[in-house]
**Q** 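Take a look at this one; I'll ask things after.
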Amino acid sequence: MTARTLGVILCDLDSYAVDDIDCVVPGAPAISANPVGFFENPASWPGIPVSYAVARGARVERLVAGDPAAIDAFWRARERLAHCSLIITDCGFFYYARQSGLPAANTLTSSLDLLPIAATLTSGRIGVLTVSAPLAARMLASDPLSPRLTIVGLEDQPGWDGILTDDHAYGNGWDLDTLRGGVEAVLERECAPGGRLAEVGALVLECTLLPEFRRTIAQYTAAPILDIASFALSALGAGFDAGAGFDAGREPGS
């Protein structure tokens, strides 16, 4: 039986010394030193062989602007992962690639690819939690589901305001506790009565850092939560194991 494999397309960061790396056996060297819960760490995908391809030219700041050169880099990286059962990306703004209209079988460019599923879960509003509401609103302006979306951003929170920079992998003033605090502050405000997310029927997590805080997010909303990480784990047979991978019950600071 052929093993299911996951391919992950990565934004172009200076911290990546190689363009491609296969992490198909336990303990294989990772492409970065980021901890479990980050897409770059193969231990975030327990029991699943993972191959990585850096989309050289898809610098973060160019990607979130929808630069055609950054989108072309996505397609080149995807070709290098054609052997994988499922391909995902490490940035929700790769969703811009959908605007090309090219076929992308077995590929999720973003958690935003799950919006049609969210639309089947509720007849009401669909929440989108994102690293930047203005940028996400611009990207989704022509989406068929745009009239039903409530987009809430984290751009005003400490740490999150530096994530969309080309050097964010080096720290750039954030750590997991800081990011978690920003998520909690926004959800406490927006999920309270009268808040923008208080009445949504489903919540989609755009930023790929957000699955790390999925358990925290679930404390603030009863709406179904959709994200690319839990979808990939389930699709490839690992399920969403609360004891490994993303937001695995770790206490702040651990």
Side-chain angles (χ1 to χ4, degrees), residues 5-64 70 73-74 76-81 83-84 86-94 107-111 131 154 159-180 182-183 205-214 227-233 236 238 241 244-248 250 252-254:
T5 58
L6 177 66
V8 182
I9 298 173
L10 302 171
C11 290
D12 184 1
L13 299 177
D14 292 335
S15 58
Y16 299 144
V18 298
D19 290 350
D20 302 271
I21 188 170
D22 293 322
C23 303
V24 296
V25 296
I31 197 168
S32 83
N34 279 334
V36 173
F38 285 76
F39 283 27
E40 303 96 314
N41 189 325
S44 297
W45 312 99
I48 301 175
V50 188
S51 294
Y52 294 93
V54 178
R56 295 296 184 193
R59 305 285 284 180
V60 178
E61 291 164 351
R62 295 174 66 181
L63 177 61
V64 300
F74 159 84
R76 293 193 300 272
R78 180 181 175 274
E79 289 177 2
R80 305 201 304 275
L81 294 174
H83 61 284
C84 294
L86 175 66
I87 301 170
I88 64 172
T89 76
D90 75 332
C91 179
F93 284 84
F94 275 113
T107 301
L108 291 178
T109 64
S110 169
S111 290
V131 65
L154 296 155
W160 288 99
D161 54 4
I163 292 299
L164 294 181
T165 59
D166 291 332
D167 65 347
H168 75 270
Y170 293 114
N172 204 27
W174 63 267
D175 56 34
L176 286 179
D177 287 346
T178 300
L179 297 181
R180 187 186 300 272
V183 171
L205 310 182
E206 171 273 319
C207 181
T208 58
L209 286 173
L210 287 171
E212 170 64 12
F213 310 115
R214 183 183 173 99
D227 70 81
I228 197 172
S230 54
F231 182 93
L233 285 167
L236 295 178
D241 185 353
F246 298 93
D247 200 12
R250 290 183 293 277
S254 63

**Q** Might you point out which heavy atoms bring W160 and V183 nearest each other, and give the distance in Å?
**A** CZ2-CG2, 3.7 Å
**Q** What I'd like to find out is whether the side chain of V64 reaches to under 4.5 Å of the side chain of V131, using heavy atoms alone.
**A** no
**Q** Search all heavy atoms of D20 against all heavy atoms of A53 and return the closest pair with its distance.
**A** OD1-CB, 3.4 Å
**Q** Knowing that exactly one of T5, D22, L6, L236 qualifies, which makes a side-chain contact (heavy atoms from CB on, under 4.5 Å) with P49?
**A** T5
**Q** Side chain to side chain contact (heavy atoms under 4.5 Å, CB included) between C23 and W45: does it pass, once the steps are laid out?
**A** CA-CA 10 Å; C23 303; W45 312 99; over 6 Å; no
**Q** Please report the interatomic distance CG(L176) to CG(L179), rounded to the nearest 0.5 Å.
**A** 6.0 Å
**Q** About how many Å separate SG of C207 and CG of D90, when rounded to the nearest 0.5 Å?
**A** 9.5 Å
**Q** Any side-chain heavy atom of V60 sitting closer than 4.5 Å to one from F93?
**A** no
**Q** May I have all residue pairs that pass salt bridge (Lys or Arg N to Asp or Glu O under 4.0 Å) and include part of residues 43-57, sequence neighbours excluded?
**A** D12-R56, D19-R56
**Q** With sequence neighbours left out, write down each residue that passes ring-ring contact (aromatic ring centres under 6.0 Å, His included) with F74, or none if nothing qualifies.
**A** F94
**Q** Please report the closest heavy-atom contact between R80 and V54, naming both atoms and the distance.
**A** NH2-O, 2.8 Å
**Q** Indicate the atoms forming the closest heavy-atom contact of C91 with C11, along with that distance.
**A** CB-SG, 3.5 Å
**Q** With rounding to the nearest 0.5 Å, note down the distance linking CD1 in I88 to CD1 in I228.
**A** 5.0 Å
**Q** What are the two closest heavy atoms between T89 and F39, and how far apart are they?
**A** O-CE2, 3.3 Å
**Q** Side chains of D227 and S230: is there a donor and an acceptor less than 3.5 Å apart?
**A** yes
**Q** Hey, are the side chains of I163 and L154 touching, using non-hydrogen atoms and a 4.5 Å cut-off?
**A** no
**Q** Does the N41 side chain pair with the main chain of A30, one donor and one acceptor, at a distance under 3.5 Å?
**A** no
**Q** Looking only at non-hydrogen atoms, find the nearest pair between L164 and E61 and report the distance.
**A** O-CG, 3.5 Å
**Q** Rounded to the nearest 0.5 Å, what separates atom CZ in F231 from atom CG in L108?
**A** 5.5 Å
**Q** So F38 and L209, do their side chains get closer than 4.5 Å, heavy atoms only?
**A** yes
